Structure formats: C-alpha cells, structure tokens
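See structure below.
Bear in mind that the values here come from a model prediction, so they are computed numbers and not experimental data. All heavy atoms count here, side chains included; hydrogens, waters and symmetry mates do not. Proteins get letters first, then strands, A, B, ... in listed order; numbering begins at 1 in each.
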Amino acid sequence: MLSTEFQPLQNDFYQQPTLNTARQLLGARLFRILDGELVSGRITETEAYIGEDDRACHAKAGLTERTKIMYGRAGTAYVYFTYGMHWMLNVVTEAEGFPAAVLIRSVAIETGIECIKARRPGVKPSEWTNGPAKLTKALGIDGSFNGIDLTGKGNGLWIEPGIVISDANVTIGARVGLYSVPEPWKSFPWRFLVTG
DNA sequence: AGCACGATTAACT
DNA sequence: GTTAATCGTGCTC
C-alpha cells in the first residue's frame, strides 16, 4: 500500500549543496511501482558529482545533449547508460543552470521482496541492489526515466524521507570507479556509505 | 564517419 | 586479481 506518512522529498531538499543532499539521502527511501506492486528500499550509498570543474562529472563536457538534464531542475532524475550495458540512477541537485547530481549507488530492499525475487532469479538477496547498475536492473529503471520528476509519485519512482543515519554509522571516502580521473577530483571524499 | 572510453558487473584464474 | 561484455556519447578527422 502507498505510504501516507510521508510525501516525496521536494525541490528544496535537492537544491541544497550537493554534498548535503548526498549525505542526507542516506536512510531515505526509494520507492518504485513495479508490475503494479510497491517496491521500496533504504538508500545506503551515494556519491556527489558537482559542476563542470569536477573532472569526474559528466558535466565536465559542458552543456550537451546528454548532460543538459544535470543543468535542469533539482529533483529530476538523470539516468545514463554506460559500459555498453548498465543504467545509472542519479538525482539532479542545486540551482537550475548549475550541473550537479547525486548517484544512488546502493539500496537495501524493504518492501516488494517477492517482486524483486522474481526479477532477479538466482541472485542472492544481499546482491540484489548493492551496486548502481544492480539496483536499476532490479527496479526496472532505464533510459526512459531520464528527465522525469522524482518529487511526485506520478512516474512510479520517487524518494521519501526515511530514517536518520548518525555520523557514527556513515563512512565517507573517495568516489568509486574513477580510473582516468585526475587528482584532486579522484580523491575528493564525495562518497557516502552506511556502515554498522 | 570513425574512435576511445566509461560514475560496472559477473565470471573467470 | 584480471578481464570480457557492449554501445551511447563526445571528440577528432
């Protein structure tokens, strides 16, 4: 059933500095209506990508057909394809005109377990959504979600407030998978992970 | 028109 | 620890 306790996180939440949004998304709940069922999970890992100067951010290429979403309204989904096979889910942050986003890297499924089990046969529950491409596959998120509004429930994908994660349970470190990104961007502590 | 590369994953040795 | 899979994007010719 649909949650009535909370409403989706709104534009003002995503307009904060990207690092704040990335940190505060830990513990928030990602919702998806999939095959008519409500599936949700707690966000347990995020990364921030901030501005044209960030050599790890796609917006380093400037305003292009691909990156224009990141220049748009905070709270919009930026979904892109990489490695020839994987979709990644991001939320656009900060003011319109400034390109930044938070990559959702991992969630812990809480509801809709049977639905996910059917979609990921033979995969261990702990491996269902513990990676950015795994979670998009498990939740049926692809390029058709690029540019949708995540601040309402109309598109079957949104984020609600969840539990507050204390600093004692958060590990902050360098972003993952940045092989050819130069320093200092490669080592910026812009990854937020729930531990303990 | 062609090319190098990638915010990853699974399946190897 | 290493590597293949696989194709959209952005850059160069």
Reading 5' to 3' and counting Watson-Crick or G-U wobble pairs with both distances under 3.5 Å, write the dot-bracket notation for DNA chain C, | for bases paired outside the strand. |||||.||||||.
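Checked against side chain to side chain contact (heavy atoms under 4.5 Å, CB included), A:R55 has the following partners two or more places apart in sequence or in another chain: A:K60, A:V181, A:P182, A:W185. Qualifying side chain to side chain contact (heavy atoms under 4.5 Å, CB included) partners for A:K137, counting only residues two or more places apart in sequence or in other chains: A:R120. With sequence neighbours excluded, the residues that form a side chain to side chain contact (heavy atoms under 4.5 Å, CB included) with A:T64 are A:A61, A:R66, A:T67. A:R42 meets the salt bridge (Lys or Arg N to Asp or Glu O under 4.0 Å) test with A:E110; sequence neighbours excluded.
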Taking distance alone, no hydrogens or angles, what donor-acceptor pairs closer than 3.5 Å link side-chain atoms of residues 77-85 of chain A to residues at least two apart or in another chain?
{"residue": "A:Y78", "atom": "OH", "partner": "A:H58", "partner atom": "ND1", "Å": "2.7"}

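In the hydrophobic clustering (ILVMFWY side chains linked at under 4.5 Å, chained through shared members), A:V176 stands by itself. The hydrophobic cluster analysis finds A:V164 isolated: no Ile, Leu, Val, Met, Phe, Trp or Tyr side chain comes under 4.5 Å of it, directly or through other members. Membership of the apolar cluster around A:L63 extends to A:Y71, as traced through chained side-chain contacts below 4.5 Å between ILVMFWY residues.
Two residues are said to be in side-chain contact when any heavy atoms from C-beta on lie closer than 4.5 Å; A:L150 and A:T76 fail this criterion.
By the 6.0 Å and 45° rule, A:R175 stacks over the aromatic ring of A:Y49.
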With the sugar-phosphate defined as primed atoms, P, OP1 and OP2, and the base as all remaining atoms, what B/S/- string results for nucleotides 7-13 of chain B, 5' to 3', for protein heavy atoms under 4.0 Å? BBSS---
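Taken to the nearest 0.5 Å, the CD1 atom of A:I165 stands 11.5 Å off from the CG atom of A:L25.
More than 12 heavy atoms of other shown residues, nucleotides or ligands fall within 6.0 angstrom of atom CG in A:D12.
Judged by distance alone, with hydrogens and angles left aside, the side-chain atoms of A:Q10 form a donor-acceptor pair with the main-chain N or O of A:T151 at under 3.5 Å.
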Between the protein and nucleotides 2-4 of chain C, are there any N/O to N/O pairs under 3.5 Å, and if so, what are the atom names and distances?
none

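At a non-hydrogen distance threshold of 4.0 Å, nothing from residues 19-27 of chain A comes into contact with DNA chain C.
Remark: P of C:dG8 and CD1 of A:I69 are 17 Å apart, rounded to the nearest angstrom. Between the P atom of C:dT6 and the CG atom of A:D142 lies a distance of 18 Å, rounded to the nearest Å.
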